[in-house]
Amino acid sequence: MAYYYEEVSRTFNEYLLVPGYSSKECIPTNVTLKTPLVKFKKGEKSKIEMNIPMTSAIMQSVSGEKLAVALAREGGVSFIFGSQSIEDEAKMVAWAKNYKAGFVLSDSNISPDATLNDILLLKKKTKHSTVAVTDNGKSDGKLLGVVTSRDYRVSRMSLDEKVKDFMTPFEKLIVGHEGITLSEANDILWDNKLNSVAIIDDEQRLKYFVFRKDYDAHKKHVNELLDSDKRYIVGAGINTRDYEERVPALLEAGADVLCIDSSEGFSYWQEETLRWIREKYGDSVKVGAGNVVDKEGFLFLAKAGADFIKVGIGGGSICITRETKGIGRGQATSLIEVSKARDEYFEETGIYIPICSDGGIVHDHHMTLALAMGADFLMLGRYFARFEESPSNKIYHNGNYYKEYWGEGSNRARNWQRYDLGGDNKLSFEEGVDSYVPYAGHLKDNVKLSLSKVRSTMCNCGALNIPEFREKAKITVVSSTSIVEGGAHDVILKETTINSKM
Ligand code: IMP
């Protein structure tokens, strides 16, 4: 006879937090959201600790290289999508790892024989006022000079005048040399009262610019997540088929942490993938696995050697797994059970395996609930897909901007490895949809706002860090009528904004 759970399968919307005592120390600026990404032994620290409890979903429409940089800047980790060729994924990882905060590849370049008119056209296009003059007119050419608005007066000069005749020539430039640190480059800017400094290599080829205006921006990223070489921490998705080739390529590209991307993790194939990684690399390679929705699934992956375990089946915004296959479990119920299993496993073995709540976070208060229910961190797809930095197209329709967002199990993603069970190599039915989400601007602003709400609620519950929050949280199930009471009701709203609903 089938096993029947006694409890109803519930989702975040069915719960509320009940406030606790807030002492005078309980103010949002005192709250830390630091959280472990990978497993650690009792008394030790996780090898990778995030500064915010957020990771981005392993999806084509979410985790590209630009989002990886933007999220690491705020203190979280992106997992670059694995539903692409090994070479392309490794390239994205390498791009994000080699991205140097504050060092900008020049995108306004011109050759010395171009004219003032060409400069004006270029400035119109790029909106940048510093133009590099290089021998081949490209960003990697030999640097011959720089043109800024101080070098010409349109009213007094002919538009045909050659760039080489009015640029500030190389001999008069103060430059930095490749290998210089950001703080040394900034010293050059400040000591010489410059707005920008070009960085060149031994052969005088242009490498980067460092701009004074970026100095403050860099200082604002107080949470940025860096490795020991001051490069951003970057994750990458893998699958259970080509790991023998993909894993070495991603590690070579610099990936700090991997995650097996699959809709269902309680499987022979995940066990085999983890076994291969452990045999080849021991514990030096960090790899997450999932997804599971109960204690049994958690213990299976814990024993197989996962460094973190993802929880959630069927709750994703683009997911139709529950409709097409009739499997899954309410995200809140799954999380509560797995988080209990993690704590018991820690008690028994002294090994703490972080768990990630993956999918179904719609409102910011769902983030808070997930953390209260035991998630060490969250994985978000729809949330990040809305931002400027996500890789998908921005579309203008009826006065509003949207971004495209599609599931990894949709025909569009054709991520076959993720959704079939191993044998047949073809997607026979879809488990995800192709959709639009409202465009929401830059990641930084949104993450700041969302987490300020999380911090504020934690204060209401008297907690200053995530483990304390988990301990102190009091959570109640709500009736369907009290859900109505929770929104604005019995008033005529003047206007609604997207943010007020998040
Ligand atoms: P969201 O944050 O609610 O949009 O959910 C994102 C999560 O949905 C991802 O991290 C995956 O676990 C899951 N997911 C991604 N693509 C699909 C799909 O096509 N079908 C079902 N689940 C998906």
Side-chain angles (χ1 to χ4, degrees), residues 11-13 53-63 67 71 76-84 235-239 259-266 270 288-293 297 308-332 334-335 338 355-364 366-367 369-370 375 377-387 390-392 403-421 427-438 440 443 446-447 450 502:
T11 186
F12 293 131
N13 257 351
M54 283 181 165
T55 60
S56 68
I58 315 170
M59 298 173 72
Q60 292 175 355
S61 47
V62 180
S63 296
L67 195 114
L71 182 52
V77 172
S78 263
F79 286 87
I80 304 264
F81 62 94
S83 53
Q84 58 178 329
I238 59 169
N239 61 61
C259 184
I260 308 174
D261 179 33
S262 167
S263 55
E264 218 267 280
F266 193 178
Q270 293 227 353
N291 289 9
V292 298
V293 288
F308 64 87
I309 293 172
K310 286 204 293 142
V311 181
I313 295 179
S317 56
I318 32 52
C319 174
I320 50 171
T321 301
R322 291 186 197 164
E323 279 169 17
T324 47
K325 290 168 70 179
I327 61 159
R329 197 177 191 196
Q331 188 63 16
S334 311
L335 199 53
V338 175
I355 59 172
C356 165
S357 178
D358 177 18
I361 301 271
V362 180
H363 304 286
D364 288 337
H366 290 169
M367 299 183 190
L369 272 169
F377 58 96
L378 320 165
M379 180 167 271
L380 308 131
R382 189 199 58 86
Y383 179 82
F384 287 119
R386 301 173 303 146
F387 303 153
S390 79
S392 77
K403 295 264 307 194
E404 291 187 287
Y405 179 42
W406 61 94
E408 289 292 289
S410 66
N411 272 336
R412 180 164 182 183
R414 296 201 180 276
N415 185 1
W416 297 336
Q417 287 93 334
R418 187 174 202 268
Y419 283 87
D420 77 61
L421 284 177
L427 180 72
S428 43
F429 55 87
E430 290 188 281
E431 285 188 51
V433 297
D434 192 355
S435 67
Y436 298 107
V437 284
L443 178 144
N446 285 277
V447 165
S450 299
M502 297 299 296

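Throughout, numbering of the chain's residues begins at 1 and tracks the sequence. Counting starts at 1 for both ligands and their atoms, following the listed order.
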Going by distance only, is there an N or O of [X] that falls short of 3.5 Å from an N or O of ligand 1?
| X | result |
| --- | --- |
| Lys310 | no |
| Tyr383 | no |
| Gly409 | yes |
| Ile318 | no |

Using atom types as modelled and distance alone, determine if a side-chain donor or acceptor of [X] lies under 3.5 Å from a backbone N or O of [Y].
| X | Y | answer |
| --- | --- | --- |
| Asp358 | Asn291 | no |
| Arg329 | Ser334 | no |
| Ser61 | Tyr405 | no |
| Glu404 | Ser392 | no |

Test of understanding: given a 4.0 Å heavy-atom threshold, classify the contact between [X] and ligand 1 as side chain, backbone, both, or neither.
| X | answer |
| --- | --- |
| Glu430 | neither |
| Tyr405 | side chain |
| Thr321 | side chain |

Legend entry - Contact check, Gly360 vs ligand 1, heavy-atom distance below 4.0 Å: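 The answer is yes, since Gly360 has a heavy atom less than 4.0 Å from ligand 1.
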Proximal ligand 1 atoms for [X], defined as those under 4.0 Å from one of its heavy atoms:
| X | value |
| --- | --- |
| Ala57 | 9 (C), 10 (O) |
| Met59 | 9 (C), 15 (C), 16 (N) |
| Leu380 | 2 (O) |
| Arg382 | 1 (P), 2 (O), 4 (O) |
| Glu431 | 18 (C), 19 (O), 20 (N), 21 (C) |
| Ser317 | 1 (P), 3 (O), 4 (O), 5 (O) |

Legend entry - Side-chain heavy atoms of Leu335 within contact of Phe12, under 4.5 Å: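 In short, these two side chains touch, coming nearer than 4.5 Å.
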Legend entry - From Glu430, Glu431, Glu264, residue fulfilling salt bridge (charged side-chain N to carboxylate O under 4.0 Å, His left out) relative to Lys325: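 Exactly one option meets the salt bridge (charged side-chain N to carboxylate O under 4.0 Å, His left out) with Lys325, and it is Glu431.
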Inset, instruction - Please state whether the rings of Phe308 and Phe377 are parallel, tilted or perpendicular, taking 30° and 60° as the class boundaries. - result: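 It falls in the perpendicular class, over 60°.
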Legend entry - For Gln331 against Gly312, the heavy-atom pair lying closest together: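 That closest heavy-atom pairing would be OE1-CA, 3.1 Å.
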Inset, instruction - Please report the shortest heavy-atom distance between Phe266 and Val292, naming the atom on each side. - result: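 Of all heavy-atom pairs spanning Phe266 and Val292, the closest is N-CG1, 4.3 Å.
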